[in-house]
Colleague: 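Sharing a structure, written as structure tokens. Questions coming.
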Amino acid sequence: MRLTSKGRYAVMAMADLSVHGAHGMVRLQEIAARQSISQPYLEQLFARLKRAGLVEGVRGPNGGYRLARPAAEVSVAEVIAAVDETIATNACRAGGPIGCTGRKERCLTHNLWAALGHRISDFLDEVSLADVAAGRVAPVRADRAEVRA
């Protein structure tokens, strides 16, 4: 499973916007500098985020972007979906005629990867931009990451 830069950068930019946009508009140039993301790339992402209704933009010298809803009401999953990012854990397409193995049947581990995909989606749906900005998303503890025999 891989989340591309499109999804990662969109979440980074939106978390930045949730922190710095509390008192007004934020320019993409500022987000680009703080997050080390190219401004042209941010412009592409914010066009999608605006279409999805997650941000509002104002043109002009005092313009910029702000969140369309409070950060606590915007999930990370919404941000990722808004930039047309998918997190696929299976090699086969849902409802497709060909399974993971290139034949009609699914691979032996298909249900495992599908369950993982659902857990990831549920997790990202439960985490808000406010959670990310406030550092309320704890990393996995090392003792839990170990494989137990």
Colleague: Considering non-hydrogen atoms only, spot the tightest contact between Ala82 and Ala52 and give its length.
Modeller: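 Residues Ala82 and Ala52, closest heavy atoms: CB-CB, 3.6 Å.
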
Colleague: Before you tell me yes or no, could you show the steps for Leu67 and Leu54 under side-chain contact (heavy atoms from CB on, under 4.5 Å), namely the whole-Å CA-CA distance, both residues' side-chain angles and the distance that decides it to 0.1 Å?
Modeller: CA-CA 6 Å; Leu67 295 176; Leu54 296 180; over 6 Å; no

Colleague: Using 0.5 Å steps for rounding, measure from the CD atom of Glu56 to the OH atom of Tyr65.
Modeller: 11.5 Å

Colleague: Give a yes or no on whether the backbone of Leu112 and the side-chain of Thr109 come within a donor-acceptor separation of less than 3.5 Å.
Modeller: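 No, Thr109 side chain to Leu112 backbone: no donor-acceptor pair under 3.5 Å.
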
Colleague: For Tyr41, give me all partners under ring pair (Phe, Tyr, Trp, His ring centres under 6.0 Å), at least two apart in sequence or on another chain.
Modeller: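 Tyr41 satisfies ring pair (Phe, Tyr, Trp, His ring centres under 6.0 Å) with Tyr9 only.
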
Colleague: With Val55 as reference, evaluate Leu17, Val74, Val79 under the side chain to side chain contact (heavy atoms under 4.5 Å, CB included) test and give the passing residue.
Modeller: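 Single pass found, and it is Leu17.
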
Colleague: So how far is it from Met14 CE to Leu45 CG, rounded to the nearest 0.5 Å?
Modeller: 10.5 Å

Colleague: Could you tell me whether the side chain of Asp131 and the main chain of Ser128 form a donor-acceptor pair under 3.5 Å?
Modeller: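 Judged by distance alone, yes, a pair lies under 3.5 Å.
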
Colleague: Determine whether more than 12 heavy atoms belonging to other residues, nucleotides or ligands lie under 6.0 Å from atom CZ of Arg34.
Modeller: yes

Colleague: With a 6.0 Å cut-off (strictly less than), is the heavy-atom count around CZ of Arg59, excluding the residue itself, greater than 12?
Modeller: no

Colleague: Locate the shortest heavy-atom distance separating Phe46 from Ala13; write the atom from each residue and the value.
Modeller: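 For Phe46 versus Ala13, the nearest heavy atoms are CE1-CB, 3.7 Å.
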
Colleague: Do Val26 and Val58 share a hydrophobic cluster (ILVMFWY, side-chain heavy atoms under 4.5 Å, transitive)?
Modeller: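 Val26 does not cluster with Val58.
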
Colleague: Would you say Asn62 has more than 12 foreign heavy atoms packed within less than 6.0 Å of its CG?
Modeller: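 Incorrect, the count does not exceed 12.
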
Colleague: For Ser75, does its backbone N or O pair with a side-chain atom of Glu78 as donor and acceptor, under 3.5 Å?
Modeller: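 Yes, Glu78 side chain to Ser75 backbone: donor-acceptor pair under 3.5 Å.
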
Colleague: Using 0.5 Å steps for rounding, measure from the OG atom of Ser18 to the CZ atom of Arg69.
Modeller: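 If we round to the nearest 0.5 Å, Ser18:OG and Arg69:CZ are 13.0 Å apart.
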
Colleague: Can you tell me how far CD of Glu30 sits from CD of Gln35, rounded to the nearest 0.5 angstrom?
Modeller: 12.0 Å

Colleague: Distance from Ile80 atom CD1 to Leu124 atom CG, nearest 0.5 Å?
Modeller: 4.5 Å

Colleague: Mind running side-chain contact (heavy atoms from CB on, under 4.5 Å) on Arg66 and His23 for me, showing each step along the way?
Modeller: CA-CA 9 Å; Arg66 67 176 166 236; His23 304 295; over 6 Å; no

Colleague: Got a second to check how far Ile120's CD1 is from Asp125's CG, nearest 0.5 Å?
Modeller: 13.5 Å

Colleague: Just one of Val11, Leu49, Thr4 clears the side chain to side chain contact (heavy atoms under 4.5 Å, CB included) bar with Val83, so which one?
Modeller: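 Only one of Val11, Leu49, Thr4 forms a side chain to side chain contact (heavy atoms under 4.5 Å, CB included) with Val83, namely Leu49.
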
Colleague: Grab the two heavy atoms, one from Ala133 and one from Val19, that are nearest each other, plus how far apart they are.
Modeller: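 Closest heavy-atom pair between Ala133 and Val19: CB-CG2, 3.5 Å.
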
Colleague: Using only atom types and a distance under 3.5 Å, with no angle test, would you say the side chain of Ser121 pairs donor to acceptor with the backbone of His118?
Modeller: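 A pair under 3.5 Å: no.
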
